[in-house]
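Every chain is numbered from 1 and lettered A, B, ... according to where its sequence line falls, protein lines coming before strand lines.
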Protein chains: 2
Amino acid sequence: MLLSKSCVYGLRATLLLASYQNGGYTSIKDLSNKLDISFHFLTKILQQLTAAELLESMKGPKGGVRLSGESSDITLREVVIAIDGPDIFTECVLGLPGCGSEKPCPMHAMWAETRDDIEQMLQTTSLEDMSKEGMEQDLRITADGHFVWGEP
Amino acid sequence: MLLSKSCVYGLRATLLLASYQNGGYTSIKDLSNKLDISFHFLTKILQQLTAAELLESMKGPKGGVRLSGESSDITLREVVIAIDGPDIFTECVLGLPGCGSEKPCPMHAMWAETRDDIEQMLQTTSLEDMSKEGMEQDLRITADGHFVWGEP
DNA sequence: ACTATTTAAGAGTAATATGTCTTAAATATA
DNA sequence: TATATTTAAGACATATTACTCTTAAATAGT
């Protein structure tokens, strides 16, 4: 997998949050239930996103998490980097540490291109873009596909 | 990482084998030394490639492994599939099991495209292509970059 | 036939990723 | 103030991947 499970969980949760578009706090319990992800595990992941200031959190009743800004201002790339780190956008496909344009591996050129395409794709797509598509076309965000968007 | 370490080791070893272009057997010891990969671990990986009939092996003195056919006839895609399996070319980027054109996830369309690009790229590149480039331009195939191509 | 060399196969170990559980801290509401 | 609810934090457990080690089987050369 290109993205770790943690990263994918983070993306799915933030997409769902974006679809709520009410500005209020949503409990992680709600997210973990709807997405069928372990509550404690998801909590840890969302903590990373909070630390990266993509989310804001509040403890206590009525607490939960919310996007720190407009869903149109948060890109998929930001979420990915917050969880999997920025290296996936620079790493050699053969995992060779010193690989770069100076002394590349045979696959460097071809991979650098697709890698940049992927980064560009994630960079130019906001949580709003994806969550809107998800809602409007009733797309899948769970394994079973049974899911209702935008109902906090 | 898109590809597992095993897969990457397999690619590096087959690229090196392709550069030998002498048709004879090369000992795994030689490959593991040159590529700085654990001998036993590489042995296991190359066994998978032998099982997939991309390599042929012979035991005993003068034994070793060799490409089962012309290096121009073996694609990077074949090596990848032999080790990491074919699923990486069909899997959902969010890891959602039922994701497909019928009931896709929001990222399905964009990812399917890049995924197909990657497959196409690997499909249209042979071991010969890559090893020739590696030799001719003295490209990196080890971490330290100190390496001499094509000397069995 | 004997020996040295090499791959094959499987058991075992280590490291990392994934997932679970418990306790602490904050906060809304009564 | 007391209670219920929620995130924060860290310890713990399991699964997967990566790597090591030992023994067996095959084969070339003497």
Separation of atom [atom1] in [X] from atom [atom2] in [N], rounded to whole Å:
X: B:I45; N: C:dA9; atom1: CD1; atom2: C1'; value: 15 Å
X: A:L49; N: D:dT7; atom1: CG; atom2: P; value: 14 Å
X: B:Y25; N: C:dA8; atom1: OH; atom2: P; value: 10 Å
X: A:D36; N: C:dG19; atom1: CG; atom2: P; value: 11 Å
X: A:D84; N: C:dT16; atom1: CG; atom2: C1'; value: 13 Å
X: B:Q47; N: D:dA26; atom1: CD; atom2: P; value: 14 Å
X: A:K62; N: D:dT7; atom1: NZ; atom2: P; value: 14 Å
X: B:N33; N: C:dT6; atom1: CG; atom2: P; value: 11 Å

Sugar-phosphate only, base, or nothing, as touched by A:I28 at under 4.0 Å among non-hydrogen atoms: sugar-phosphate
Partners passing side chain to side chain contact (heavy atoms under 4.5 Å, CB included) against A:K59 (at least two apart in sequence or in another chain): none
Chi angles and distances behind the side chain to side chain contact (heavy atoms under 4.5 Å, CB included) call for B:R77, B:F89: CA-CA 10 Å; B:R77 179 174 172 276; B:F89 298 123; 4.1 Å; yes
Geometric cation-pi criterion B:K29 and B:F39, 6.0 Å radius, 45° cone: yes
Among A:L11, A:V8, A:L3, A:D84, the one residue meeting side-chain contact (heavy atoms from CB on, under 4.5 Å) with A:V79: A:L11
Stepwise side chain to side chain contact (heavy atoms under 4.5 Å, CB included) check, A:F41 with A:S6: CA-CA 8 Å; A:F41 194 37; A:S6 294; 3.6 Å; yes
Nucleic acid footprint by protein, nucleotides 15-24 of chain D - heavy-atom cut-off 4.0 Å, B for base, S for sugar-phosphate alone: ---SBBBB--
B:S126 versus B:D129, side-chain donor and acceptor atoms under 3.5 Å: yes
Closest-nucleotide ordering on DNA chain D, the 5'-leading residue of B:G60 and A:G64: A:G64
Point-to-point distance, once rounded to the nearest 0.5 Å, from CE of A:M110 to CE of B:M121: 5.0 Å
Nearest to side-chain heavy atoms of B:T43, which nucleotide of D:dG29, C:dA8, D:dA8: C:dA8
Closest to side chain of A:P61, choosing from C:dT29, D:dT27, D:dA4: D:dA4
